[in-house]
Amino acid sequence: MKSKPESDFFYMVFEVVRLIPPGRVTTYGAIAKCLGMKGSSRMVGWAMNSSHSHHSKVPAHRVVNREGLLTGKHHFATPMMMQQLLEKEGIKVTKDKINGFKNHFWDPNEALKM
DNA sequence: TAGCTGACGAAAA
DNA sequence: TTTTTCGCCAGCT
């Protein structure tokens with residue numbers, strides 16, 4: 001009997017990613033650290049992959065790796081979609097990398113801290 | 001059932 | 001300083 005719809009990990013990850021404000025991006029490690037899974041950064045990305053089965057909308061395009069590279073773009077409907085979405089939110093993306101990544105970086109710890 | 005993969009990150013050499 | 005290896009934990013075959 002599972003009381004949880006999905007694993008707590010994935011659910012929390014989805015919630016955090018969903019909390020990301022428009023025009024801001026975060027990293028897998030930041031989310032993982034926020035959830036207390038510092039070393040489980042992989043799970044965060046893996047959760048995104050599972051997000052396809054998740055009915056909730058998870059702005060995975062706002063989640064990039066620590067380098068600000070759109071590593072997961074390939075998992076979207078189209079690799080270009082991720083960049084388009086980011087640019088549409090005002091984030092400049094050059095060569096699959098966020099221009100001024102740290103400038104758009106959003107720390108989930110601050111959001112949960114409140 | 002058991003093992004491998006996987007959208008990363010950090011530490012060690 | 002840069003490069004390489006290990007660790008995370010769960011889902012999928």
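Note on naming: letters A, B, ... go to the chains in the order of the sequence lines (proteins, then strands), and numbering restarts at 1 for each one.
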Do A/Arg24 and A/Glu89 meet the salt-bridge criterion of a basic N to acidic O distance under 4.0 Å?
no

Is the gap between the ring centers of A/Phe14 and A/His54 under 6.0 Å?
yes

Please give, in whole Å, the distance from B/dA11 C1' to A/Arg66 CZ?
13 Å

NA contact type, A/Asn65, heavy-atom cut-off 4.0 Å: base, sugar-phosphate, or nothing?
sugar-phosphate

Specify the separation, in whole Å, of atom OH of A/Tyr11 and atom P of C/dC9.
22 Å

Whole angstroms only, please: what is the NE2-C1' distance between A/His61 and B/dA7?
14 Å

For atom CG of A/Leu86 and atom P of B/dA7, their distance in whole Å:
18 Å

Euclidean distance, A/Leu69 CG relative to A/Asp96 CG, rounded to 0.5 Å:
8.0 Å

Side chain of A/Tyr28: nearest nucleotide among B/dA7, B/dG6, C/dG7?
B/dA7

Base, sugar-phosphate alone, or nothing: which one does A/Ala47 contact when heavy atoms must sit under 4.0 Å apart?
nothing

Any N or O donor-acceptor pair under 3.5 Å from the base of C/dC8 to the side chain of A/Arg42?
yes

Rounded to whole angstrom units, what separation is found between the CG atom of A/Asn49 and the C1' atom of B/dC8?
14 Å

Closest nucleotide among B/dC8, C/dC9, B/dA10 to the A/Phe9 side chain
C/dC9

Using Watson-Crick or G-U wobble geometry with both distances under 3.5 Å, which nucleotide pairs with C/dT1?
none

What is the distance from CG of A/Leu70 to P of B/dA7, rounded to the nearest Å?
14 Å

Do A/Val64 and A/Phe105 sit in one hydrophobic cluster, given that two such residues count as connected whenever their side-chain heavy atoms are within less than 4.5 Å of each other, even indirectly?
yes

B/dT5 and C/dT5, which share atom name P, separated by this distance in whole Å
16 Å

Rounding to an integer number of Å, can you tell me how far A/Met12 CE sits from C/dC9 C1'?
12 Å

Report the distance from atom CE of A/Met81 to atom P of B/dA7, rounded to the nearest whole Å.
16 Å

Closer to the 5' end of DNA chain B via nearest nucleotide, is it A/Glu67 or A/Trp46?
A/Trp46

Mind checking if A/Ser40 touches a base, just sugar-phosphate, or nothing, with heavy atoms under 4.0 Å?
sugar-phosphate

Using atom P of each nucleotide, how far apart are B/dC4 and C/dC6 to the nearest Å?
15 Å

By the 4.0 Å heavy-atom rule, please label A/Met48 as base, sugar-phosphate, or nothing.
base

Does a donor on one side chain sit under 3.5 Å from an acceptor on the other, for A/Arg18 and A/Ser56?
yes

